[in-house]
Amino acid sequence: MTSTATSCTWTSGKGPDRWPHGPCHSSVAGRRRVGARVPVTRRPFCRRDHDDESSVLDAVSRLNEVRGVKGLGRFFKQIAQSARSGSGSTDDFLGCINIPVADIPSQGVESWFPLEARTHRSTVQGRIHLKLWLSTREDRGTSEEDNWRDVRQQERLHEVFIAHELREAFPRTWEWRGELGPGAQAVLHQHAIQGDITDLQLALVRFVAFVRTAVVTPLDFGVILKLMHDLEEQWDSGPLSREEEDALAEAFNLWTEHALHLVRRHRQLYPPRCKELCLRLEKLLRTVSALGHMRAMAKCCPFNKDLRAELGCALRKAAADWYEELMRPVREAAGLDARLDALVLTANRLLVGLQAARTAYEPVFHAVAHVPYFAITYKQIERLVHTDMCGQTCAVLDELRCAELGDDAGPVQLCTSVFELYLALQDVSALAEHADRAEDRPPTTLTTFYTWFEAALHRWLDLAHLKVSNRIRRSVEMNKLCTAELIVRHTTSAMDVSACFYHINEFWKQLNWPDLVSSYNIVNKIIRTISSAALFYADLTHQKLKDQGFYEDKGPYRTTDDMCAAINDLEYVRRALNHVPRDLHVDSILEAVEAAELAAAVEPMAAREAAREAAREAARQSSGAWKEQMYAALEQAATQMEQYTLLIIAQIGAKMRPSLKKAMFHLAWSPDSLPTADSISPLLQYLDCHLQSLNGALLPKNFERALAEVWEVVLLELGHQMDGSSGDKLPGFYDRLHEALGLLLAFFHADAMGLGLDALRTATYYRVDQRLQYHRTATDRLLDLYHQERLLAQLGCDSAEYGVLSVRAYFNHDSLCVEVLSARDVIPLDPNGFSDPFVIVELIPRRLFPHCAEQTTHVHKKTLHPVFDECFEFSVTLEQCRAEGAMVLFTVMDHDVLTANDFAGEAFLALSSVPGVADNNSSIDNFHGLKHAELPLMHQKNRNHPILEVLETRLHDRTALDFVKKQKQRLATVS
């Protein structure tokens, strides 16, 4: 072997040792021959300062450029050098370095080296950048271009050294960064030099060797990625032989298959919870992505499929494998409950896995490989669930639907598992919105999963009805009073029933049934279930109170916990019942049903506008029927519960009635010397005592009901005292009762803290107040009021049930002329089907017309349409006709020979409306030109008319008794 020494200097530009300015790249090279030895141990390097040549004149001319003492020294130095330029120039020594050959690695070294001085008296500073390498080559007599054998040997050496490094790194081989030891690098470098292996071939060898190792031993995918980049950088440095291209294509295919195999098993190998393994997955995907963009890949494997499509296929297979793994327990389960539990577990695992796919895997695949991971996985799982799990689920639900409903916990647990499965599939279906779908793609098959459960849902409602009824029965049997401060009386059973309703409503809310139209029947059944449960509870509560002797107790009233708790319990449950339509979103369902019905009705008639409007109207009427059907059960249950509540509250008034009657008697028959406020005091004290206890024990709504019931009883007792015998009543009797009524009204109103005035002024109140007013009114005035009321009733009469009387009246020269023209449709009162009608004409009230006697028309035999055409004249003044209440009374009678005449009807004509009275004109020129009046004949149908009843109590008033007798005769004739 021979060796050469290379020095690095900066000279004056003369001689063979001239170097350009900048870093010096030096090499120590030689060719090894067999048996040769190299004794060289050190190579020196020197560095000199090169000075440019110039004349003395040029140097002196730059004197004005000198700056400072140092500049002056350099100036004289330049003059001296210029002066001896004729004899040759000598460069300045700047420094040198000494590098032992043994310190130069075979693969070379590149670094900055500090300059050294020749002697200890020299001053040297600075560094020099050198790149050194040492190489030897054996001359084997072969062509340097045909080195395929050397390439294969280099590949084998790489595999051996890689295996050695992996044995050192075992078992965590993936933590090795692909760096070989110094000895291995020296051997590989020398072998590459000897085999004339190019950089491209060396990159190929490294990639192939690492790929072959990586498919059997886990490596850091970042190493493979770096080797790909190195191969891509060297691709343009030279061509490859056919053998080399085939080897590289084999490595590409090997790595592609291995990477896709790992992608198929990514859920087992790279779980989303482990960040370290997810990072490995990201590096693996980067190798696949880089592989798809390599020119070497396109050159060596031109017919390979697109790697993105290959990744999509791998993900589909991975999803199918994952699904089969999850479904294995379902296929192996035996028995209904085991299969159902396995389905629930599988659905939940699907949900968790898809959520992890969206949050952990999707970002990695999308960012690195631009592959829609979640969309591919979800579509594949969706297809498998629809084709496979649907059948499994429907089979289980069919078996469950045929199972017998019992009182044990088995069916309940099965139904619970069914809807755990529903909720899991619902969440899986909801993930569809995160999948990448085209806008024109039809709805996914999984969105209709709820139809699998419709029959099971009806079965669950049947079971819920049974279980709720049993729970209500037990809660009523084990009922306990809830005791606490500042709360009204209620029991645990009401809370249990309300909780049952809440759970059913919450269950429906969690189901979130997607199809509003199909949910109508389900919600209707839920409402019927809840309504029947509420009715069942109301029946049990009322029956329990009845069994305790609440209605048979005839003792004095007392406020009991059982009574108040029963009233409040019914109200609590009724309130829960009223919230059901809101909680179940009934209005939204009805709107959807109406819209669907309208669309179905209108669509076939799109060409005919009139038919379309008729179809819309029919759809609206049909919607009203649906709404009525859905609310009917709720209204029936609420009405029945309120009736039970009112029945219990009515018993409060019934039990208070004896005490109220006694207190009211004391009020009514107290002496006139005792003020009304004092005489009513016992009654108010009794009411205040019991109403306070009720107020503290009842809900506000129930207390108002109880207050209204007691108020009604008080009014009735007041009315009984008022209508009693009048023989011994004191002169101020009715005045006292009327004042007491005002005090009681104020007591129950309690300055707006009790019942409202509208609630207090009931029909009973008005009737009592009216009768008190009538009792305090004179008889003549009552007669006037009675006739005025009859006149108003005639004016408001819409039909002529008893016939019509035609009359004409006018006032002329202090004379009232009344013409009775005819009558029609008189009621038949004789056995022959006819009547013998005649009319009695009289002026009322009698006190205004004391000298005007009643007058009578002729009798017309056997007719219902008599024509009288008779005129009667009454001598009266204009002032009499204008008096308040002045009117003409027409009484139509049926003439009988042997018995009393029968009453056929009566009519009234107010004199204030008569011509000559109303228009202030006392002279009528054309009598026959006046318009006649059509008066409907009437009967008094109210046998208990308050004025008649009041008049009947006036036993010492002959006018009152005669009037009542006359009116009763007419009432008897009507009957």
Side-chain angles (χ1 to χ4, degrees), residues 404-409 411-416 418-419 456-480 482 490-511 513 519-547 565-586 589 627-648 699 701-702:
E404 292 294 332
L405 292 181
D407 204 17
D408 56 350
V412 178
Q413 182 61 38
L414 288 176
C415 288
T416 302
V418 165
F419 293 106
L457 182 56
H458 286 282
R459 185 63 167 168
W460 180 87
L461 290 175
D462 295 335
L463 181 61
H465 182 269
L466 177 63
K467 294 299 178 181
V468 168
S469 300
N470 293 337
R471 180 172 176 178
I472 289 175
R473 183 182 292 107
R474 288 193 295 269
S475 64
V476 172
E477 292 173 355
M478 304 173 64
N479 206 9
K480 293 182 180 179
C482 298
H490 66 280
T491 63
T492 55
S493 63
M495 301 298 101
D496 288 342
V497 175
S498 300
C500 288
F501 296 167
Y502 171 79
H503 291 155
I504 295 176
N505 294 334
E506 190 66 19
F507 165 77
W508 177 250
K509 180 180 179 181
Q510 290 183 2
L511 286 184
W513 200 263
S519 68
Y520 174 84
N521 292 329
I522 303 174
V523 171
N524 195 16
K525 191 167 185 177
I526 292 175
I527 288 177
R528 291 200 303 269
T529 298
I530 293 177
S531 300
S532 61
L535 279 175
F536 181 63
Y537 175 75
D539 293 337
L540 291 179
T541 302
H542 184 258
Q543 186 62 39
K544 185 176 182 179
L545 188 64
K546 186 177 181 181
D547 294 341
I567 296 174
N568 290 332
D569 289 345
L570 292 174
E571 179 62 18
Y572 274 129
V573 176
R574 192 188 67 82
R575 289 182 182 180
L577 204 63
N578 291 337
H579 294 161
V580 169
R582 181 198 63 191
D583 296 337
L584 297 179
H585 305 288
V586 171
I589 295 174
K627 183 175 182 180
E628 182 179 355
Q629 180 183 359
M630 183 168 285
Y631 279 96
L634 286 173
E635 293 175 355
Q636 180 183 358
T639 302
Q640 184 62 41
M641 298 186 74
E642 189 168 3
Q643 288 178 355
Y644 278 137
T645 301
L646 295 177
L647 187 61
I648 299 173
L699 291 168
K701 179 68 175 179
N702 287 332

side-chain contact (heavy atoms from CB on, under 4.5 Å) with F501: which of I526, T529, I530?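 Exactly one candidate clears the test, I530.
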Given side chains that start at C-beta, do those of [X] and [Y] come closer than 4.5 Å, heavy atoms only?
| X | Y | answer |
| --- | --- | --- |
| L461 | R528 | no |
| V497 | F536 | no |
| K525 | D462 | yes |
| W508 | L511 | yes |
| T491 | C482 | no |
| R471 | D496 | yes |

Counting N and O atoms only, with roles assigned by atom type, does the side chain of H503 sit under 3.5 Å from a partner on the main chain of A499, one being a donor and the other an acceptor?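 Such a contact is found between H503 side chain and A499 backbone.
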Hey, are D539 and Y644 close enough side-chain-wise for a donor-acceptor pair under 3.5 Å? yes
Does any donor atom in the side chain of T541 or D569 lie under 3.5 Å from an acceptor atom in the other side chain?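 Not at all, the side chains of T541 and D569 share no donor-acceptor pair under 3.5 Å.
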Test ring-ring contact (aromatic ring centres under 6.0 Å, His included) applied to Y631 - qualifying residues, sequence neighbours left out: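 Counting only residues at least two positions away or on another chain, Y631 forms no ring-ring contact (aromatic ring centres under 6.0 Å, His included).
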For H585, ring-ring contact (aromatic ring centres under 6.0 Å, His included) partners two or more places apart: none
Does the side-chain hydrogen bond (donor to acceptor under 3.5 Å, both in side chains) test come out yes or no for R575 and N578, once each step is laid out? CA-CA 5 Å; R575 289 182 182 180; N578 291 337; over 6 Å; no
Could you state the interatomic distance from CD1 (I589) to NZ (K627), rounded to the nearest 0.5 Å?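 Nearest 0.5 Å value for the CD1-NZ distance: 13.0 Å.
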Is it true that E477 and R474 have a side-chain N and a carboxylate O under 4.0 angstrom from each other? no
Is it true that, when you exclude Q636 itself, more than 12 heavy atoms of the residues, nucleotides or ligands shown sit nearer than 6.0 Å to its CD?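 No.
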Side chain to side chain donor-acceptor pair (under 3.5 Å) against W513, all qualifying residues, sequence neighbours excluded: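 If we apply the side chain to side chain donor-acceptor pair (under 3.5 Å) test to W513, skipping adjacent residues, the hits are S518.
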